[in-house]
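Okay, so here's the structure we're looking at.
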Amino acid sequence: NLWVRTEKGVNKLNLRGNPFYKTAIFKNFARQYRLTGVVPSSHPNKAWVSTRGGGLYNYDFELGSTEKVRLKDYGDKQLGRFISALAQDNGQSIWLATLGGGIIRVFGEAFQEESRSTLPTEIFSTKQGLATDHIMSIHASRDKNIWFSYWRKGLGRINSKTKEIGQYTVAGDPEIDLKEYHFTCFVENEENHLWAGTSENGLFKFSYNASEDSLYLLDYLQHQLNKPNSLSSNYINCLLPGENGDLWIGTETGLDVIRK
C-alpha cells in the first residue's frame, strides 16, 4: 500500500489493483491541526499519523476510528504535540521531529502490544547533544542512521544503535553552508547516497563518509528558466525512490522524475 498525506487527510492506495481509498481523517479538528506525516503500522489497516499541534495518532481504516497516542517519559508534553515530521526505521521504531522538543523515539516493540495505553520513548534534545530542539525534517536510513535537519543549524545524524550524534554545517568542495538552507525531506538511493530537498533552493545529493564523519556534495539541482529538463520548482515537498533507481520529486508546481 502507498499512504499519501495531505494537510487535512490521508489517502490509502493499493498499488496492486484498487483505486484510492480516501478518508477524511481528523475531520473534527482538521482546521486546528495540520497533518505532517504518516507511516504504516504493523497492522495492515492502521497507520501512525503526526500533527502539528495535536501530537501522534493511530488511525484504523477498517473501523474509521482515531486514537490519541500517549507518550511515556516525555518531560514537556506540550512541546511533544508539535510534530513537524516522522519516520520509521527498520526496527519499526517511530522517530518524531518536533518544533521545540527535539527528537522523540517511540520504540517499535511497543507498537506490537495493543493493550498499551502509554508508549515508552527515548528523547534526544540539546541535553543529549543536539544543536537545537527545533527539528524540521527527519529520515531513517537503511544503515541505522537517522538523518534530520535543524532550523538554521544545518543537518544532524543519530546512530540509532550507538546513540552517537553528528552535526553537519558544511559540505562539498568548495564548501557550502548548510545552515543557509531549509531542508524539507530526505531519501536514499540504491548507492546509499542521500538526496535532500529544500523549501526554496532545489535538491541536494550527498555522500556520507562514515570513517571521516563528513558529508560530501555530489550534485545540486535547481529550477532554471528556459531549461525544460531542470526541476519544475525549487520548492521540494517530498521525495520517493522508484523502480530501477529512479527518483520521484514532488514540487510546489508538479511531479518530476530523475531517471537513472
Side-chain angles (χ1 to χ4, degrees), residues 1 3 5 10 12 25-26 29 33-61 63 65-130 132-151 156-166 185-188 238:
N1 292 320
W3 299 81
R5 171 187 60 84
V10 173
K12 178 183 177 184
I25 188 172
F26 302 155
F29 57 92
Y33 304 136
R34 177 185 175 186
L35 305 186
T36 57
V38 55
V39 295
S41 74
S42 58
H43 193 286
N45 290 316
K46 292 183 179 181
W48 302 97
V49 182
S50 61
T51 71
R52 185 172 296 182
L56 182 66
Y57 291 82
N58 183 258
Y59 182 73
D60 190 317
F61 265 83
L63 299 178
S65 61
T66 303
E67 180 184 4
K68 177 71 179 287
V69 178
R70 295 177 176 83
L71 303 179
K72 186 179 180 182
D73 300 328
Y74 191 68
D76 194 328
K77 293 183 174 59
Q78 187 72 14
L79 290 177
R81 292 171 52 198
F82 291 87
I83 303 171
S84 55
L86 83 166
Q88 187 176 46
D89 64 23
N90 52 19
Q92 300 300 305
S93 289
I94 303 295
W95 295 78
L96 309 176
T98 72
L99 300 174
I103 295 173
I104 307 171
R105 178 187 186 183
V106 188
F107 290 98
E109 56 268 21
F111 294 128
Q112 311 301 324
E113 302 180 33
E114 297 291 339
S115 60
R116 279 187 182 269
S117 58
T118 303
L119 299 180
T121 63
E122 182 176 19
I123 302 165
F124 296 87
S125 67
T126 53
K127 294 180 180 179
Q128 284 73 36
L130 297 187
T132 175
D133 288 334
H134 287 77
I135 312 300
M136 308 308 297
S137 56
I138 195 164
H139 169 72
S141 68
R142 292 186 293 269
D143 58 3
K144 299 187 183 302
N145 281 317
I146 307 300
W147 291 95
F148 56 93
S149 64
Y150 294 110
W151 173 250
R157 177 189 58 83
I158 298 174
N159 185 304
S160 62
K161 186 175 181 179
T162 66
K163 313 300 172 62
E164 172 197 14
I165 296 176
C185 51
F186 302 96
V187 77
E188 290 174 281
C238 57

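Treat the numbers as computed from the prediction; the structure is a model and nothing was measured. We're numbering straight along the sequence, starting at 1.
- Of the inter-residue distances, the one linking I165 atom CD1 with I146 atom CD1 reads 12.0 Å to the nearest 0.5 angstrom.
- Going from atom CD1 of I138 over to atom CG of L96 covers 7.5 Å, rounded to the nearest 0.5 Å.
- Panel note: side chain S41, backbone K46; a donor-acceptor pair is recorded below 3.5 Å.
- Nearest heavy atoms, V39 versus L86: CG2-CD1, 3.9 Å.
- Side-chain contact between V106 and W48: absent, with no pair of heavy atoms (C-beta onward) separated by less than 4.5 Å.
- Residue W95 forms a ring-ring contact (aromatic ring centres under 6.0 Å, His included) with just one option from W147, F186, F124, F107, and that option is F124.
- Atom OH of Y150 and atom CG of D133 lie 9.0 Å apart (nearest 0.5 Å).
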I104 vs T98, test: side-chain contact (heavy atoms from CB on, under 4.5 Å). Steps then yes/no. CA-CA 8 Å; I104 307 171; T98 72; 3.9 Å; yes

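- Side-chain contact between R157 and N159 is present, with heavy atoms from C-beta onward closer than 4.5 Å.
- When every heavy atom of S84 is checked against every heavy atom of L99, the shortest pair comes out as CB-CD2, 3.8 Å.
- A donor-acceptor pair is defined here as one N or O able to donate and one able to accept, closer than 3.5 Å; such a pair exists between the side chain of D89 and the backbone of S93.
- Side chains of T36 and S50: a donor-acceptor N/O pair is present below 3.5 angstrom, by distance only.
- Contact between S137 and A85 at its shortest, heavy atoms only, is CA-CB, 4.0 Å.
- Residues Y59 and Y57 keep their aromatic ring centres 6.0 Å or farther apart.
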Evaluation steps, side-chain contact (heavy atoms from CB on, under 4.5 Å), between T51 and F82: CA-CA 7 Å; T51 71; F82 291 87; over 6 Å; no

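- One distance of note links NZ of K161 with CG of D143; it measures 12.0 Å at 0.5 Å rounding.
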I135 vs L130, side-chain contact (heavy atoms from CB on, under 4.5 Å): CA-CA, chis, key distance, verdict: CA-CA 10 Å; I135 312 300; L130 297 187; 4.3 Å; yes

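- Closest non-hydrogen pair, A140 versus Q88, comes out as CB-O, 3.6 Å.
- Taking CD from E122 and CD1 from I158, the interatomic distance works out to 8.5 Å, rounded to the nearest 0.5 Å.
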Would you check, one step at a time, whether the test side-chain contact (heavy atoms from CB on, under 4.5 Å) holds for R52 with R81? CA-CA 7 Å; R52 185 172 296 182; R81 292 171 52 198; over 6 Å; no

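- K144 and N90 get closest at one heavy-atom pair: NZ-OD1, 4.2 Å.
- For the pair H139 and A87, the tightest heavy-atom approach, listed with the atom from each and the gap, is CA-CB, 4.1 Å.
- T126 OG1 to Q128 CD: the interatomic distance, rounded to the nearest 0.5 Å, is 7.5 Å.
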